[in-house]
Amino acid sequence: MNAGPGQFAVLSTIVFGIGLFGVLSRRTTAGLLMALFLLTLAPVIALVGFAHFGATGPIPPVGDAFALIAVLAAVAETVLGASLALLGWRRLRSVAAVLDGEAD
Amino acid sequence: MNGVAFYVLAAIIVAGAAATVLVPRSLQAGAALAATIVVVGLLCIVAGGVAVGIAEILIPAAAGAALWVAVRGRGYERLLGADAPAPAWWFAAGGAAALSAVAIVVVIASGGAWQSGTGSTSLLTAVHDWAPYALVIAAAGAVAAVAASVVLGRTSADEREVDRAAAEHREREEMARRRREDREAARRRRTPAGEGTR
């Protein structure tokens, strides 16, 4: 029993779907950021799987390179989102303000 | 790739991802996400992408550690509080399930047209020859994001002053409330029962 690009693609799709559900259903800033990170994690799985099992012959692992870039982008997005949430919390002193844009 | 290893790791990844979006407490959800990231990194390593797997574990770990220090040190616990499901969670579940189903059907239907094999060139060569600009731009973007986060997340002197004034105000209010309650209790003790209802 071997795993090929199809299995990686399906796993990536499932993780993407779970992340999408989280983005649509989570209400706190932390939950939303974590769900967004899952969304960006999904393509990394597909890229690595395709890079190592999705082509014939010795080709450069471009998928690996782009997976590396996707990891950097995901971390940058999460860190920036978290700092914006902290800024909103500090300025408005309200969880509702950070979540809904309303000061209490 | 060994199928057993793949399916074991895939099951853990799916369970971790589901826990990340379903667990109500943000700290537990964060732990589930951390576990998911580590297992995805392991999957990358097992699949042959050693450098990507290590980066997948180390870069988020460093960012997560910095975030943890910032959140724990400034009293932001309420931001990590319980996360009640949104009123339209069923709509979110339906949308995500429908999109996933479409993507999986497309993957399965087109799987026969794929080619299989292995690559042998190093990641460094690929990055150098194929994606140098993209990598540089992404790295620069990450550095800029971290710098912007430090600028946004820092506490300036005027904010510390406002924090201190607010804390003193709360303390004064609390002391005044206690004094009021003490006076009220003393008055009740002095006044015999029924006398106050003349």
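We use all heavy atoms of the structure for the numbers below, so side chains are in, but hydrogens, waters and symmetry mates are not. In what follows, chains carry the letters A, B, and so on, assigned in the order in which the sequence lines appear, proteins first and then strands, with residues in each chain numbered from 1.
- The hydrophobic clustering, which links ILVMFWY residues whose side-chain heavy atoms are closer than 4.5 Å, places B:Tyr7 and A:Ile45 together.
- Hydrophobic clustering (side-chain heavy atoms under 4.5 Å, transitive across Ile, Leu, Val, Met, Phe, Trp, Tyr) keeps A:Ile69 apart from B:Leu58.
- Contact record, B:Gly141 with A:Ala76: O-CB, 4.2 Å, taken as the closest heavy-atom pair.
- The minimum heavy-atom distance linking A:Leu80 with B:Ala145 is given by the pair CD1-O, 3.7 Å.
- The shortest heavy-atom contact between B:Leu33 and A:Met34 is CD2-CG, 3.6 Å.
- Screening B:Leu99, B:Val102, B:Ile104, B:Val105 against A:Thr13 for a side-chain contact (heavy atoms from CB on, under 4.5 Å) leaves a single residue, B:Ile104.
- Pairing each heavy atom of A:Arg26 with each of B:Ala29, the nearest pair is NH2-CB, 3.4 Å.
- B:Ile13 is not listed as a side-chain neighbour of A:Ile14, based on a closest heavy-atom distance of 4.5 Å or more.
- Taking each heavy atom of B:Pro60 and A:Val71 in turn, the nearest pair found is CD-CG1, 4.4 Å.
- Partner of B:Thr20 under the side-chain contact (heavy atoms from CB on, under 4.5 Å) criterion, out of A:Leu38, A:Val15, A:Leu41, A:Ile18: A:Leu38 alone.
- If you measure heavy-atom distances from B:Ile59 to chain A, the contacts under 4.5 Å come from both the backbone and the side chain.
- Contact annotation for B:Leu22: both backbone and side-chain heavy atoms come within less than 4.5 Å of a heavy atom of chain A.
- Taking OG1 of B:Thr36 as the start and CZ of A:Phe37 as the end, the distance is 10.0 Å to the nearest 0.5 Å.
- Heavy-atom distances place both the backbone and the side chain of B:Val14 under 4.5 Å from chain A.
- Note: the hydrophobic cluster containing A:Val48 does not contain B:Val50 (ILVMFWY, side chain heavy atoms under 4.5 Å, direct or indirect links).
- Only the side chain of A:Val75 has a heavy atom closer than 4.5 Å to any heavy atom of chain B.
- Under a hydrophobic-cluster definition in which Ile, Leu, Val, Met, Phe, Trp and Tyr are linked whenever side-chain heavy atoms come within less than 4.5 Å, directly or via other members, B:Val143 and A:Val79 are assigned to different clusters.
- Hydrophobic clustering (ILVMFWY, side-chain heavy atoms < 4.5 Å, transitive): B:Val40 and B:Ile45 are in distinct clusters.
- Among the candidates B:Ala63, B:Ala101, B:Ala96, the residue making the largest number of heavy-atom pairs closer than 4.5 Å to chain A is B:Ala96.
- The choice from B:Ala5, B:Ala47, B:Gly16 that makes the most heavy-atom pairs within less than 4.5 Å of chain A is B:Ala47.
- The environment of CD in B:Glu184 is crowded: more than 12 heavy-atom neighbours from other residues, nucleotides or ligands sit within 6.0 Å.
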